[in-house]
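Just below is one structure, and these are the notes that go with it.
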Amino acid sequence: MKVKSNISIRAFYLFFIITSLQLGVGVMGVPRFIYLEAGADSWISVLIATSYILVVLFVMIFILKQYDNADIFGIHRDLFGKWLGNLISSVYIIYFIATLFSVLITYIEVVRIFIFPTLSPLVMGLLMIILAVYSTLGGLRIMVGVCFLFFILTHWLLLLLIEPAAQIDWDHFLPMFQTPIPDLLKGARATSYTFFGIEILFLIYPFIQNKKGMHFPIYMAAIWSGLLVMITTIITLGFFNGEQVARREWSLLSLFKFQQFSFIERLDFVVVAEWMMVIIPNIILLLWGATYGMKRIYKLPQKVSIYALAIPLLIGCWLLDEHFQIQWIIDKINELGFWLVYVYPFFLLPIVLIKKKWKQHKRGEKNEA
């Protein structure tokens, strides 16, 4: 791909892009899901998951470096041909659309549970989709600016966990190192939905200016996301006992109820409202990924696909508002995303290497001739 300089970005911003995608709705309830699998040793599962993500990122970077300036759609066409390559690439588009939809309906459900029980999902969905469409139409640099700005404006929420952290009961983590390895691995897999987001690297790679400097921000983004999940998991498991964690759907948000100020009674209302700044970068990057894929594969103008995709998303927010429906969608996306994000790069790697060796061999024969 040839990318114009006015739409390319510095590698430094990859840190904010990846963390903005990873830290979304999943982190609000991930301590509970990890605890249900790994128990008191949940923090070990987070370490395993973070380490594995770093390995996946290394493989993704290695695959991308085998090409001059290609994205996953171009790689698929090179490896599998036009028809099969486009078919596999379409799976990525479906994944981005489905993940975008899950983020929308999950956040709408949180708002209705914590703040406005009678709020219409249609109204909330319309508000968020308008923001997403407006930002995405601004182009990649505008979206990166939103990710950077909202990263700065939302991380102060960590300060509100100081009070719960001061009340941690460390006995909740005893006895340590008693969880079997299979359960620890199940706990690591329970973080998969939360850590989705690294796959954006397969799409945004051609837009990076200084590709030699991209390793540090990419790895630091994964480490930062893992560190935040680790902190929130430890505070949640230390503050609540096991039974309390197991029955709290949004365990992290429940912590904010215990932080008190003289001028505000329900701080969790403020946190849920502020969390929209965490969600918006998720939505705009996923919307860009889906519509960019449509442009690359089906030659559909991105502006047209943005508007066309916004309508069914809005209708879906209106129709699917029951908790069991939302959870079913998240579970299915989790299954698809696990194989696509965490397993598929290892399948792709040997094919890329074999194709590279074959090209070198053919080039050598041509030079000899």
Side-chain angles (χ1 to χ4, degrees), residues 18-38 42-64 72-73 75-76 87-106 179-203 218-219 221-223 225-226 228-230 233 249 282 285-286 289-290 293 324-352:
I18 294 176
T19 53
S20 295
L21 263 178
Q22 288 188 311
L23 302 173
V25 293
V27 73
M28 294 188 291
V30 71
R32 172 178 177 266
F33 295 108
I34 304 174
Y35 177 80
L36 292 176
E37 300 291 350
S42 296
W43 60 276
I44 301 178
S45 294
V46 178
L47 280 178
I48 295 173
T50 305
S51 301
Y52 182 78
I53 288 172
L54 291 174
V55 175
V56 175
L57 284 171
F58 175 82
V59 172
M60 292 173 66
I61 294 172
F62 186 83
I63 291 172
L64 290 168
I72 189 64
F73 306 120
I75 294 174
H76 281 159
L87 180 63
I88 299 174
S89 296
S90 298
V91 176
Y92 267 89
I93 297 176
I94 294 171
Y95 161 77
F96 277 111
I97 296 173
T99 306
L100 166 59
F101 182 61
S102 72
V103 171
L104 276 171
I105 58 179
T106 302
T179 306
I181 293 179
D183 290 340
L184 291 175
L185 295 178
K186 290 179 182 178
R189 180 166 181 174
T191 67
S192 59
Y193 183 79
T194 303
F195 285 136
F196 286 162
I198 59 175
E199 67 278 0
I200 196 68
L201 180 63
F202 268 152
L203 275 66
I218 289 173
Y219 293 136
I223 293 172
S225 299
L228 291 187
V229 173
M230 172 74 75
T233 300
E249 188 75 21
N282 272 242
L285 287 172
L286 291 170
F324 74 91
Q325 295 172 328
I326 296 172
Q327 194 57 53
W328 182 84
I329 292 172
I330 291 175
D331 290 341
K332 294 303 178 183
I333 294 171
N334 198 13
E335 293 176 10
L336 172 62
F338 177 81
W339 294 103
L340 192 64
V341 178
Y342 302 124
V343 178
Y344 181 64
F346 293 96
F347 168 78
L348 199 62
L349 177 62
I351 301 177
V352 170

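Worth saying up front: this structure is predicted, and the values here are computed from it rather than measured.
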**Request:** Take I61 and Y219, measure what side chain to side chain contact (heavy atoms under 4.5 Å, CB included) needs, and give me the verdict at the end.
**Result:** CA-CA 11 Å; I61 294 172; Y219 293 136; 3.9 Å; yes
**Message:** Between I48 and L184, is the side chain to side chain contact (heavy atoms under 4.5 Å, CB included) condition met? List the steps.
**Reply:** CA-CA 8 Å; I48 295 173; L184 291 175; 4.1 Å; yes
**Asked** So I72 and L348, side chain to side chain contact (heavy atoms under 4.5 Å, CB included) or not? Walk me through it.
**Response** CA-CA 10 Å; I72 189 64; L348 199 62; 3.7 Å; yes
**Request:** Apply side chain to side chain contact (heavy atoms under 4.5 Å, CB included) to the pair K332 and Q327, showing each step before the final yes or no.
**Result:** CA-CA 9 Å; K332 294 303 178 183; Q327 194 57 53; over 6 Å; no
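Of the possible polar contacts, one joining the N282 side chain to the S20 backbone as a donor-acceptor pair under 3.5 Å is found. Judged purely by atom type and a 3.5 angstrom limit, E37 has no side-chain atom pairing as donor or acceptor with the backbone of Y35. T191 contributes a side-chain N or O that, together with a main-chain N or O of A188, makes up a donor-acceptor pair within less than 3.5 Å. Between the side chain of T233 and the backbone N or O of P31, no donor-acceptor pair lies under 3.5 Å. Judged purely by atom type and a 3.5 angstrom limit, Q22 uses its side chain to pair as donor or acceptor with the backbone of F195.
V27 is not listed as a side-chain neighbour of L228, based on a closest heavy-atom distance of 4.5 Å or more. A heavy-atom distance below 4.5 Å is not found between the side chains of L23 and T194.
Of all heavy-atom pairs between A290 and I97, the closest is CB-CG1, 3.6 Å. Residue T179 comes nearest to A38 through the heavy atom pair OG1-O, 2.9 Å, listed as atom of the first residue, atom of the second, then distance. When every heavy atom of P345 is checked against every heavy atom of F202, the shortest pair comes out as CG-CE1, 4.3 Å. For the pair S102 and T99, the tightest heavy-atom approach, listed with the atom from each and the gap, is OG-O, 2.7 Å. For N334 against Y193, the heavy-atom pair with the smallest separation is OD1-N, 3.5 Å. Residue S192 comes nearest to F338 through the heavy atom pair CB-CD1, 4.2 Å, listed as atom of the first residue, atom of the second, then distance.
In this structure, OG1 on T106 lies 8.5 Å from CD1 on I329, to the nearest 0.5 angstrom. To the nearest 0.5 Å, the span separating CG on L349 from CZ on F58 amounts to 9.0 Å. If you take CD1 on I326 and CZ on F101, they are separated by 8.0 Å, rounding to the nearest 0.5 Å. Atom CG of residue L340 and atom CZ of residue F347 lie 12.0 Å apart, to the nearest 0.5 angstrom. Note that the CD1 atom of I218 and the CD1 atom of I53 stand 13.5 Å from one another [nearest 0.5 Å]. Between the CD1 atom in I333 and the CD1 atom in I94 there is a gap of 12.0 Å [rounded to 0.5 Å].
Taking the side chain to side chain donor-acceptor pair (under 3.5 Å) definition, one finds that Y342 meets it with nothing, sequence neighbours left out. Under the side-chain contact (heavy atoms from CB on, under 4.5 Å) criterion, W339 pairs with R189, V343, sequence neighbours left out.
Annotation: side chain to side chain donor-acceptor pair (under 3.5 Å) contacts involving residues 45-55, sequence neighbours excluded, are absent.
For the residue pair Y92/E199, the side-chain donor-acceptor check at 3.5 Å is not satisfied.
In summary, of the residues considered (I88, V91, L87), a side chain to side chain contact (heavy atoms under 4.5 Å, CB included) with H76 occurs for I88 alone.
Under a cut-off of 6.0 angstrom, the local environment of CZ in F346 is crowded, with over 12 non-hydrogen atoms contributed by other residues, nucleotides or ligands.
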